[in-house]
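These values consider heavy atoms only, across backbone and side chains, with no hydrogens, waters or symmetry-generated copies. Residues: numbered from 1 along the sequence shown. In listed order, ligands and their atoms are each counted from 1. Owing to the predicted nature of the structure, the values given are computational and were not obtained by experimental measurement.
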Amino acid sequence: MSAEQSHGNGSTSTEVAARVERRWATIAVLIIVMMALLAAFAGIHRATMPQPRVEITDPSRLHLSGEFVESNLGSLLEANGNVTVRAIGQQYSFTPACIVVPVDTPITLRATSADVVHGILIQGTNVNTMLVPGYISEQLMRFTKTGDYLMPCQEFCSFGHEGMWGKVKVIDKTDFANRAKGGGRLSCVGQ
Ligand SMILES: [Cu+2]
């Protein structure tokens, strides 16, 4: 019996093997090209890390002055109708621990860490960013549904890490506007 067995259509098993190999090689090259394109897109796109724009802050002076003093933390309704949320992560909590925002509104989350690396992840959404001491993390978000979203710390930050949770409360737009009437920063801590 010869190794070069003839198949029904006349091609030998060597030719069949070569054809199958070429096909798989083509698929492998396509996968590599696709992954390279995805990596390029992820690296260039504004909303993904690494951030094209780096903002720094002094973690040891957060509570004394600047953007992240306690009175400036929480949600702020801007003049253009957008909302800016400022928050801090520290071992082992977020401030504010409950963030309130309106539904269907462009929201800018600005956050940093007061001690070690933490992370903010809002469950059920693609909001996911690291909080690195010394740097300000900015992420754009928009919620299409009202309700409560859990916000755990997603970077192991020492022994109390598993207890580091926050919450995002997405409420009705007019509700939020009414609450924001008095000015100041909003949160839902204690509600
Ligand atoms: Cu943490």
Check: Hydrophobic cluster mates of M34, side-chain heavy atoms under 4.5 angstrom, ILVMFWY only, any path?
Finding: none
Donor-acceptor pairs are to be reported for all side-chain atoms of residues 178-185 against protein atoms at under 3.5 Å, with residues two or more places apart or in another chain.
{"unit_1": "N178", "atom_1": "OD1", "unit_2": "K181", "atom_2": "NZ", "d": "3.0"}
{"unit_1": "N178", "atom_1": "ND2", "unit_2": "T174", "atom_2": "O", "d": "3.4"}
{"unit_1": "R179", "atom_1": "NH1", "unit_2": "Q191", "atom_2": "OE1", "d": "2.9"}
{"unit_1": "R185", "atom_1": "NE", "unit_2": "N72", "atom_2": "OD1", "d": "2.7"}
{"unit_1": "R185", "atom_1": "NH2", "unit_2": "N72", "atom_2": "OD1", "d": "2.8"}

Note to self: Is it the case that the side chains of T57 and E67 hold a donor-acceptor pair, with the cut-off being a distance below 3.5 Å and no angle test?
What the structure shows: no
Check: Does CD1 in I56 sit with more than 12 non-hydrogen atoms of other residues, nucleotides or ligands closer than 6.0 Å?
Finding: no
Notebook entry, point to check: Which residues pass the ring pair (Phe, Tyr, Trp, His ring centres under 6.0 Å) test with F143, sequence neighbours left out?
Noted result: Y149
Margin query: Less than 4.5 Å apart, side chain to side chain, heavy atoms only: is that true for I107 and N82?
Written below: no
Margin query: Less than 2.8 Å away from the Cu ion (ligand 1), how many protein N/O/S atoms can be counted, ignoring water?
Written below: 4
